[in-house]
Amino acid sequence: MTEHKISVMIPEEDIDKKIRELANQISEEFAGETVHLICILKGSVFITTELAKRITVPVTMDFMQISSYGDGTKSSGIVKLAKDLDETIEGKNVIVVEDIIDSGRTLHYLMPVLAQRQPKCLKLFAFLDKPERRVKEVQVDYNGFQIPDEFVVGYGLDYAQKYRNLPYIGIVEV
């Protein structure tokens, strides 16, 4: 196994603070209602669970697996739906939780598909956002951190399935 040099971009303390801020915003916005989080597998598992723990209104969850990446560091441009939702989202307050928005292709494809399923509202939470890499525009409702065009790992993000368990966001030097 080849090891890579990884430098810290966003420390764990900053991540925790941002998650609390966004969870408070969501809790206030949906006071008295239930929020249904859709975790985009695999990278969003860490952020989805941390966010859910901090939201003070009732939370339900489901999972989808969709991607435009292979084992490389750049988007392949081909969007693939590998796992669909287990239950309906009709009439629910839905927040799609994505680990990172890069080209925008994945969410440009996914959000209209979910909107056709008639949720009460449909919002997008992006933990990390690389606006300079955008090929397709997407509307982000809850934005964690805007980052430069670097390949990052940690807090659920991986490089060929490695480094997801790092408690911070780091830059991989490949």
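FYI, the numbering just counts along the sequence from 1. Please read all numbers here as calculations on a predicted model, not as lab measurements.
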Give a yes or no on whether the backbone of [Y] and the side-chain of [X] come within a donor-acceptor separation of less than 3.5 Å.
| X | Y | result |
| --- | --- | --- |
| D62 | L85 | no |
| S27 | T56 | yes |
| D141 | L124 | yes |
| R105 | V135 | no |
| T34 | V59 | no |
| K130 | I101 | no |
| R133 | D102 | no |
| Y168 | E13 | no |
| T49 | F46 | yes |

**Asked** Quick one: does NZ or CZ of K83 land under 6.0 Å from the six-membered ring centre of F63, within 45 degrees of the ring axis?
**Response**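 Checked: cation-pi criterion not met.
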
Can you name the closest pair of heavy atoms from [X] and [Y] and give their distance?
| X | Y | answer |
| --- | --- | --- |
| I147 | P131 | O-CD, 4.2 Å |
| P119 | L114 | CD-O, 3.5 Å |
| S44 | V97 | OG-O, 3.1 Å |
| V57 | A31 | CG1-CA, 3.9 Å |
| I6 | V172 | CG1-CG2, 4.3 Å |

Answer whether the closest heavy-atom distance between the side chains of [X] and [Y] falls below 4.5 Å.
| X | Y | result |
| --- | --- | --- |
| M111 | L122 | yes |
| Y155 | N165 | no |
| E50 | I15 | no |
| N24 | I55 | no |
| T48 | M61 | yes |
| R134 | V138 | yes |
| M9 | V152 | yes |
| I10 | L128 | yes |

**Message:** For V96 and L37: C-alpha separation, side-chain torsions, deciding distance, then whether side chain to side chain contact (heavy atoms under 4.5 Å, CB included) applies.
**Reply:** CA-CA 6 Å; V96 175; L37 302 179; over 6 Å; no

Rounded to the nearest 0.5 Å, how far apart are [atom1] of [X] and [atom2] of [Y]?
| X | Y | atom1 | atom2 | value |
| --- | --- | --- | --- | --- |
| Q25 | R20 | CD | CZ | 16.0 Å |
| L157 | R164 | CG | CZ | 7.5 Å |
| I95 | I26 | CD1 | CD1 | 4.0 Å |
| I38 | I89 | CD1 | CD1 | 4.5 Å |
| M64 | T106 | CE | OG1 | 11.5 Å |
| I169 | S7 | CD1 | OG | 12.0 Å |

**Request:** Start with the C-alpha gap between D129 and I100, add the side-chain angles, then the distance that decides, and say whether side chain to side chain contact (heavy atoms under 4.5 Å, CB included) holds.
**Result:** CA-CA 6 Å; D129 188 5; I100 189 167; over 6 Å; no

**Message:** Run E98 and F127 through side chain to side chain contact (heavy atoms under 4.5 Å, CB included) and show every step you take.
**Reply:** CA-CA 6 Å; E98 180 64 290; F127 178 44; over 6 Å; no

Side-chain ion pair, [X] and [Y], N-O less than 4.0 Å:
| X | Y | value |
| --- | --- | --- |
| E90 | K120 | no |
| D99 | K42 | no |
| D16 | R54 | yes |

**Asked** Picking from E87, K92, H36, what satisfies side-chain hydrogen bond (donor to acceptor under 3.5 Å, both in side chains) with T60?
**Response**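 Result: among E87, K92, H36, H36 is the only option passing the side-chain hydrogen bond (donor to acceptor under 3.5 Å, both in side chains) with T60.
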
**Request:** Please work out whether the ring planes of F151 and Y159 are parallel, tilted or perpendicular, with thresholds of 30° and 60°.
**Result:**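 Perpendicular.
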
**Request:** Answer with yes or no whether the side chains of Y142 and E29 bring together a donor and an acceptor at under 3.5 Å.
**Result:**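 Yes, a side-chain donor-acceptor pair sits under 3.5 Å.
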
**Pair I66-L110, side chain to side chain contact (heavy atoms under 4.5 Å, CB included): steps then yes or no** = CA-CA 8 Å; I66 183 167; L110 179 62; 4.1 Å; yes

